[in-house]
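Order of the sequence lines sets the chain letters (A, B, ...), proteins ahead of strands, with each chain counted from 1.
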There are 2 protein chains.
Amino acid sequence: MAGRRTDTRERIQRVALELFAEQGYEGSSLREIAERLNVTKAALYYHFRTKEDIVSSLLEGWGAALDDLLERETGPAELITAYAGLVESRFGPVIGLVQRNTSALKAIAAGAGLADRMLRLHERLRGGSADPESDLRARLALVAVQLNSAEGGPRTPSDVALAVALDVLSPDGKAAGAGT
Amino acid sequence: MAGRRTDTRERIQRVALELFAEQGYEGSSLREIAERLNVTKAALYYHFRTKEDIVSSLLEGWGAALDDLLERETGPAELITAYAGLVESRFGPVIGLVQRNTSALKAIAAGAGLADRMLRLHERLRGGSADPESDLRARLALVAVQLNSAEGGPRTPSDVALAVALDVLSPDGKAAGAGT
DNA sequence: GTCTATAAGTGGATAGAC
DNA sequence: GTCTATCCACTTATAGAC
């Protein structure tokens with residue numbers, strides 16, 4: 001695994017992520033990716049079977065990390081905290097991509113899979129309470145920690161984002177949705 | 001104005017919005033729009049100069065409504081309330097479109113114009129306070145009222161969404177950002 | 001206002017040489 | 001592992017008849 005001689009596959013992924021972030025998934029062509037790498041389109045096809053494979057490979061790590069998260073049996077607060085850690089440490093750019101290309105990516109298996117996991121995370125986050133307000137608050141908490149994702153630079157310090165997310169999820173004053 | 005004999009232009013807009021919502025802007029072709037309308041592509045070009053013109057015409061009303069909103073000299077709470085009214089009464093589907101096709105639409109003049117107006121609205125919403133937390137809260141308030149936009153049906157009752165938005169913007173306990 | 005026909009270009013993808 | 005050359009489906013857009 002670590003003994004490979006070239007890193008072209010990784011370079012393709014890096015450049016593709018760059019380009020998709022700038023112009024969107026459908027707005028970026030394989031020709032452009034190849035040009036920026038100074039190779040030909042055909043070379044890309046040695047490393048990836050299709051264009052969809054390229055973007056899927058980009059989403060892969062994020063999907064796996066979400067699965068890890070969903071397996072833990074922690075409560076809402078710990079869940080959103082761990083989620084914030086993932087966003088901050090590694091997956092910000094990928095999340096930004098997903099968020100700005102929702103329509104384009106929902107037509108792709110890996111994209112639909114991510115949407116599914118986010119839905120499950122959302123359910124776990126609102127815990128037992130299924131009322132509309134808790135539902136909305138759980139969504140907003142997720143948005144709070146990922147709003148920064150990849151637009152020119154981090155805007156909200158990550159600790160502030162997490163604090164707001166936690167407060168939005170369970171506003172002080174009202175005890176968190178422990179009743180019922 | 002009210003005396004036109006055909007409504008083809010409006011029918012094109014209706015079908016285009018439908019299709020863009022289902023498959024995204026770049027994922028929908030003029031051929032598909034024409035087919036769903038039982039006309040030919042060429043007919044579309046009688047009513048709109050380009051594909052971009054079609055989507056721009058869809059965003060137009062929303063842009064104008066935002067300009068109206070920005071001209072009023074009201075405070076944050078009134079602003080978000082009025083915004084929620086617009087989302088609820090007329091522009092939900094359009095906002096959903098914008099939100100799910102951010103990348104694709106930023107390459108379009110009308111789309112970039114909308115992003116600009118949202119930025120100004122966000123600034124007005126956080127009023128004088130420029131600290132990271134107020135900034136994030138202002139963004140979240142906007143998200144709160146528009147999260148429902150066009151996915152199969154309204155999820156959060158609009159009054160609940162507005163209440164949460166107002167609370168997120170200025171959590172009770174802390175007085176709203178009225179001082180400097 | 002809508003049609004047929006077609007231009008002109010791009011896209012993703014493959015074959016086969018090196 | 002990368003190249004040249006090519007294919008073909010499909011796109012936006014236009015010309016001109018009806």
Inset, instruction - Consider the side chain of K51(A), meaning its heavy atoms from C-beta on, and name the nucleotide among dG1(C), dA13(C), dC3(D) that approaches it most closely. - result: dA13(C)

Legend entry - R31(A) side chain near dG11(C) phosphate (N/O to OP1/OP2, under 4.0 Å): yes

Legend entry - Euclidean distance, atom CD1 of residue I33(B) to atom C1' of dT11(D) [Å, nearest integer]: 12 Å

Inset, instruction - Remember a base hit wins even if backbone is also touched, and classify T40(B) as base, sugar-phosphate or nothing at under 4.0 Å, heavy atoms. - result: base

Inset, instruction - Report yes if a side-chain nitrogen or oxygen of Y46(A) is closer than 4.0 Å to either non-bridging phosphate oxygen (OP1 or OP2) of dG1(D); otherwise report no. - result: yes

Inset, instruction - With the side chain of A42(A) defined as its heavy atoms from C-beta on, choose the nearest nucleotide among dC3(D), dA13(C), dA15(D). - result: dC3(D)

Inset, instruction - Find the distance I54(B):CD1 to dT11(D):C1' and express it as a whole number of Å. - result: 14 Å

Legend entry - Interatomic distance where CG belongs to L30(A) and P belongs to dT14(C) [whole Å]: 11 Å

Inset, instruction - Looking only at side-chain atoms of K41(A), point me to the closest of dC3(D), dT6(C), dG12(C). - result: dG12(C)

Legend entry - Salt-bridge contact R36(B)-E32(B) (side-chain N to carboxylate O under 4.0 Å): no

Legend entry - Ion pair check, D68(B) and R72(B), cut-off under 4.0 Å: no

Legend entry - Whole-Å gap separating P (dG1(D)) and NE2 (H47(A)): 6 Å

Legend entry - Whether K106(A) side chain and E22(B) backbone form a donor-acceptor pair below 3.5 Å: yes

Legend entry - Distance, rounded to the nearest Å, where F48(A) contributes CZ and dG12(C) contributes C1': 16 Å

Inset, instruction - Figure out the CD1/C1' separation between I12(B) and dG1(C), and round it to whole Å. - result: 10 Å

Inset, instruction - Answer yes or no: is there an ion pair linking R137(B) with D167(A), defined by an N-O contact shorter than 4.0 Å? - result: yes

Legend entry - Any T8(B) side-chain nitrogen or oxygen under 4.0 Å from OP1 or OP2 of dT2(C): yes

Legend entry - 5′-ward residue of the pair R49(B)/E32(B) relative to DNA chain D: E32(B)

Inset, instruction - Could you check which of dG1(C), dC3(D), dT14(D) has an atom nearest any side-chain atom of Y45(B)? - result: dT14(D)

Legend entry - Distance-only side-chain donor-acceptor flag, S57(B) / Q13(B), under 3.5 Å: yes

Inset, instruction - Take the protein atom CD of E52(A) and the nucleotide atom P of dG11(C), then report the distance between them rounded to whole Å. - result: 18 Å

Inset, instruction - To the nearest Å, give me how far apart CD (Q23(A)) and C1' (dG11(C)) are. - result: 14 Å

